[in-house]
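Written out below as structure tokens is the structure these notes cover.
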Amino acid sequence: MKILILGAGKMGTFFADLLSFDHEVAVLEKDSRRMRFIYNAIRMQSVEEIPDFAPEIVINCVTLNHTIDVFEAVTPFLKPNCIISDIASVKTNLREFYSSCGFPYVSTHPMFGPTFANLANLEKENTIIISEGDHLGKIFFKDLYNKLKLNVFEYTFEEHDKVVAYSLGIPFASTLVFAATMIHQDAPGTTFKRHMKIARGLLSEDDYLLTEILFNPRTPRQLARIQEKLSLLQDIIAEKNTAKMKEYLEDVRHKIE
């Protein structure tokens, strides 16, 4: 299959490496410096090069704030039956774009972003495939993700946004609050250092991505849950109530089992 990958960032490079030995792959990236590690694939720097390659599927791996703009730039150069796809972690406005673009599409969300995951071993990682998409496109990504031994879940756009608000909104907000209260530590403990590693990894992500995940309309409800549990913990600590502290800890242990 002829596959065009848009963007040569961490995920674009990952997909190019993954697919280039089983398929004919091209990578479109305006910044030639970002393609210095691309091998076994055609390198493109202009949309005008797309028709000669004639891709059968396009995987959009650019940063979230440019996803739709890049789709609009390349679709005039695609054949009508070309499947277009994205791997965006926030699907805001994508459902509307796909419904009007006229191309078959498939939307997925690898939940193993390059910051924290070991891309060489993804057996314990998860991915989401949006059910509202082209059948052949979904089969392609299911086969691909199954080969990586990922746990594959299929959700609608609506269900995806709910999952993201919980699975990303809560840890992102909690980590940001932790980092926002930082003071210098001469002798940080192991737990502190682990939290700091997570915070640094999170803050290395694109600002737009972090913003859009936190601006998900369902995130405020998750933040309210954090505030509710934090207020309860503050009251228990202020009262020095051992019995309530024990109940609190037992409830938390039960939730993470």
Side-chain angles (χ1 to χ4, degrees), residues 1-29 34-43 53 55-64 67 70-71 82-91 94 98 104-157 159-168 171-172 197-198 201-202 204-206 209 213:
M1 179 177 286
K2 286 189 170 186
I3 301 171
L4 173 62
I5 295 172
L6 306 177
K10 292 178 181 177
M11 292 303 288
T13 301
F14 168 74
F15 276 98
D17 291 346
L18 180 65
L19 295 166
S20 62
F21 289 98
D22 296 317
H23 302 277
E24 189 174 349
V25 172
V27 179
L28 176 61
E29 170 61 63
R34 302 187 76 183
M35 288 200 287
R36 62 188 182 277
F37 299 120
I38 297 292
Y39 65 96
N40 203 38
I42 298 169
R43 303 180 185 191
F53 181 67
E56 297 165 85
I57 185 167
V58 171
I59 304 176
N60 192 335
C61 297
V62 303
T63 53
L64 181 63
T67 301
V70 169
F71 268 144
C82 179
I83 300 170
I84 61 174
S85 70
D86 74 275
I87 57 167
S89 52
V90 177
K91 303 299 184 185
L94 277 169
Y98 283 135
Y105 72 89
V106 57
S107 184
T108 78
H109 178 186
M111 303 285 284
F112 52 84
T115 299
F116 297 114
N118 176 7
L119 296 181
N121 183 9
L122 298 170
E123 288 189 25
K124 295 182 180 180
E125 303 294 343
N126 303 317
T127 190
I128 294 172
I129 296 177
I130 301 300
S131 59
E132 302 143 292
D134 178 77
H135 178 66
L136 292 178
K138 289 191 292 183
I139 288 175
F140 171 82
F141 277 99
K142 282 181 182 177
D143 288 345
L144 177 63
Y145 292 147
N146 282 329
K147 287 179 182 177
L148 294 172
K149 299 183 179 179
L150 291 163
N151 298 309
V152 180
F153 299 88
E154 190 164 331
Y155 295 135
T156 64
F157 278 111
E159 290 167 338
H160 169 271
D161 289 348
K162 290 180 180 178
V163 168
V164 167
Y166 175 78
S167 64
L168 296 183
F172 279 22
K197 183 178 180 180
I198 292 172
L202 179 68
S204 72
E205 295 284 4
D206 179 71
L209 169 65
I213 286 173

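Nothing here was measured: the structure is a model prediction, and the numbers come from that model. Values reported hereafter were calculated over all heavy atoms of this structure, with side chains retained and with hydrogens, waters and symmetry mates removed. In what follows, residues are counted from 1 in the order of the sequence shown.
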Checklist entry - Quick one: does Ser107's side chain have a donor or acceptor within less than 3.5 Å of a partner on Ile130's backbone? => result no
Next on the checklist: Please tell me whether Asp86 and Tyr105 have a donor and an acceptor in their side chains that are separated by less than 3.5 angstrom.
Outcome noted: no
Next on the checklist: Assess the residue pair His109 and Ile87 against the criterion (side chain to side chain contact (heavy atoms under 4.5 Å, CB included)); give the C-alpha distance rounded to whole Å, side-chain angles, the decisive distance to 0.1 Å, and a yes or no.
Outcome noted: CA-CA 5 Å; His109 178 186; Ile87 57 167; over 6 Å; no
Checklist entry - Does the Asn40 side chain pair with the main chain of Ser20, one donor and one acceptor, at a distance under 3.5 Å? => result yes
Item to check | Working for side chain to side chain contact (heavy atoms under 4.5 Å, CB included), residues Ile59 and Leu6 | outcome: CA-CA 6 Å; Ile59 304 176; Leu6 306 177; over 6 Å; no
Checklist entry - Looking only at atom types and distance, does a side-chain atom of Lys2 sit under 3.5 Å from a main-chain N or O of Phe53, one as donor and one as acceptor? => result yes
Checklist entry - Above 12 or not: heavy atoms from other molecules or residues under 6.0 Å from CZ of Phe157? => result yes
Next on the checklist: Strictly below 4.0 Å, N to O, side chains only: are Lys149 and Glu125 in salt-bridge contact?
Outcome noted: no
Checklist outcome for this item: Between Cys61 and Ile5 the two heavy atoms that sit nearest each other are SG-CG2, 4.1 Å
Next on the checklist: With side chain to side chain contact (heavy atoms under 4.5 Å, CB included) as the criterion, how do Leu4 and Val25 come out once you've worked through the C-alpha distance, each side chain's angles and the decisive distance to 0.1 Å?
Outcome noted: CA-CA 6 Å; Leu4 173 62; Val25 172; over 6 Å; no
Checklist entry - Any donor and acceptor pair, going by atom type alone, linking the side chain of Thr67 with main-chain N or O of Leu64 inside 3.5 Å? => result yes
Item to check | Residue pair Ile57 / Cys82, side-chain heavy-atom distance below 4.5 Å | outcome: no
Next on the checklist: I need the His23 NE2 to Leu18 CG distance, nearest 0.5 Å.
Outcome noted: 8.5 Å
Next on the checklist: Would Leu144 and Phe15 count as a side chain to side chain contact (heavy atoms under 4.5 Å, CB included) here? Give the steps.
Outcome noted: CA-CA 10 Å; Leu144 177 63; Phe15 276 98; 3.8 Å; yes
Checklist entry - What orientation do Phe153 and Tyr155 show, parallel under 30°, tilted 30 to 60°, or perpendicular over 60°? => result parallel
Checklist entry - Are Asn60 and Val70 side-chain neighbours, meaning at least one heavy-atom pair lies under 4.5 Å? => result yes
Checklist entry - Can you tell me if Arg43 uses its side chain to pair, donor with acceptor, with the backbone of Met35 under 3.5 Å? => result yes
Checklist entry - Taking Glu154 for the side chain and Ile129 for the main chain, is one N or O donor matched with an acceptor at less than 3.5 Å? => result no
Item to check | pair Glu56-Ile3: side-chain heavy atoms closer than 4.5 Å | outcome: no
Checklist entry - So, Thr108 and Tyr145: side-chain donor and acceptor under 3.5 Å apart, yes or no? => result yes
Checklist entry - Is there a donor-acceptor pair under 3.5 Å between the side chain of Glu132 and the backbone N or O of Thr156? => result no
Checklist entry - Are Ile128 and Met111 close enough that some pair of their side-chain heavy atoms sits under 4.5 Å apart? => result yes
